[in-house]
Amino acid sequence: PGWFSEISPMWPGEAHSLKVEKILFQGKSDYQDVMVFQSATYGKVLVLDGVIQLTERDECAYQEMITHLPLCSIPNPKKVLVIGGGDGGVLREVARHSSVEHIDICEIDKMVVDVSHLDLLNFTVGYEDPRVTLHVGDGVAFLKAAPEGSYDAVIVDSSDPIGPAQELFEKPFFESVAKALRPGGVVCTQAESIWLHMHIIEDIVVNCRQIFKGSVNYAWTTVPTYPSGVIGFMLCSTEGPEVDFKNPINPIDAIENQTKSIGPSLKFYNQEIHSAAFCLPSFAKKVIEAK
Ligand SMILES: NCCCN[C@H]1CC[C@H](NCCCN)CC1
């Protein structure tokens with residue numbers, strides 16, 4: 001009945017709208033407003049504090065890229081930590097990697113986990129995997145408590161810097177990620193849009209270059225229902241065995257064959273788009289590669 005418009009001070013003067021067929025869930029958690037609605041043309045949509053988190057139609061572009069860009073860049077990911085990602089989409093993607101033996105996920109808002117379990121978003125396949133341990137709590141505290149060198153990969157599937165995820169964009173958090181990663185371990189974080197947030201990205205790149213002594217790269221993908229239609233990721237590795245993010249050594253087709261057991265096959269990610277994701281327009285390249 002009507003339209004949902006995503007209006008936010010984070011993207012002033014513009015708004016993306018989706019035609020609403022039915023509101024499926026509305027709640028207020030300790031951290032944010034949570035809503036799920038059935039849209040006319042993008043399937044079910046998850047909204048937190050008025051910001052679109054994912055839609056059934058295009059979530060593959062975000063979940064597959066944020067997961068396989070890091071995990072296909074190292075030979076044998078075994079222990080993976082997901083910060084955020086309570087909707088379960090990233091878990092579904094991590095579970096495709098048969099080399100992975102244990103997945104910790106730390107989501108601050110239980111209501112987001114409950115909503116995904118309500119099967120409103122049918123992403124529950126990720127939570128059913130026996131390798132998954134769910135921790136409901138603050139990712140900053142979780143990482144501070146993590147023993148040094150615990151993980152091969154950390155995926156920071158956060159919302160935006162206004163609200164509960166604000167600390168996940170700050171230097172102390174990146175330092176705790178670096179400590180929790182093994183030498184040559186990798187982190188992939190949600191890193192905003194080059195059209196909207198070049199200044200946020202610039203600050204993140206400066207911090208990452210100081211903290212991650214392996215390589216620091218920015219990659220991006222297209223998500224029609226995110227403002228400006230694109231979203232980026234910081235891909236960083238700690239000092240140790242060299243990681244070349246631009247030439248994935250853990251090819252997805254090998255993963256592809258393993259994925260018979262996990263839900264639908266990949267809709268977006270492939271080796272070519274992995275490498276292409278690191279190609280940047282000049283206005284972004286100038287800022288990101290100069291730092
Ligand atoms: N597992 C899906 C979580 C989605 N993460 C974020 C949701 C909010 C979205 N705002 C877009 C801001 C414009 N760059 C960024 C990704």
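Atoms within each ligand, like the ligands themselves, are counted from 1 in listed order.
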S.K.: Are S215 and F245 side-chain neighbours, meaning at least one heavy-atom pair lies under 4.5 Å?
M.R.: yes

S.K.: Just checking, is any N or O donor in the side chain of Q190 or D157 under 3.5 Å from an acceptor N or O on the other one?
M.R.: no

S.K.: Between D152 and K78, is the closest basic N to carboxylate O distance under 4.0 Å?
M.R.: no

S.K.: Polar-atom distance check: D160 versus ligand 1, any N or O pair below 3.5 Å?
M.R.: yes

S.K.: What are the atoms of ligand 1, with element, lying closer than 4.0 Å to any heavy atom of S193?
M.R.: 14 (N)

S.K.: Considering only heavy atoms of P227, which atoms of ligand 1 have at least one such atom less than 4.0 Å away?
M.R.: 11 (C), 13 (C)

S.K.: Mind listing the side-chain donor-acceptor pairs of residues 169-181 below 3.5 Å, one per line with the distance, residues two or more places apart or on another chain?
M.R.:
from: K171; atom 1: NZ; to: Q210; atom 2: OE1; distance (Å): 2.4
from: S176; atom 1: OG; to: F173; atom 2: O; distance (Å): 2.6
from: K179; atom 1: NZ; to: A146; atom 2: O; distance (Å): 2.9

S.K.: Report yes if E192 has an N/O atom closer than 3.5 Å to an N/O atom of ligand 1; otherwise report no.
M.R.: yes

S.K.: Could you name the option among T67, D157, L54, V230 that has the heavy atom nearest to atom 3 (C) of ligand 1?
M.R.: D157

S.K.: Identify which of D87, L196, L48, V156 has a heavy atom lying nearest to atom 2 (C) of ligand 1.
M.R.: D87

S.K.: Under 4.0 Å from a heavy atom of I231: which atoms of ligand 1 are those, numbered in the order shown and with their elements?
M.R.: 14 (N), 15 (C)

S.K.: Between R92 and E59 (salt bridge meaning N to carboxylate O under 4.0 Å), is one present in this structure?
M.R.: yes

S.K.: Using a 4.0 Å heavy-atom cut-off, which part of Q63 comes near ligand 1: side chain, backbone, both, or neither?
M.R.: side chain

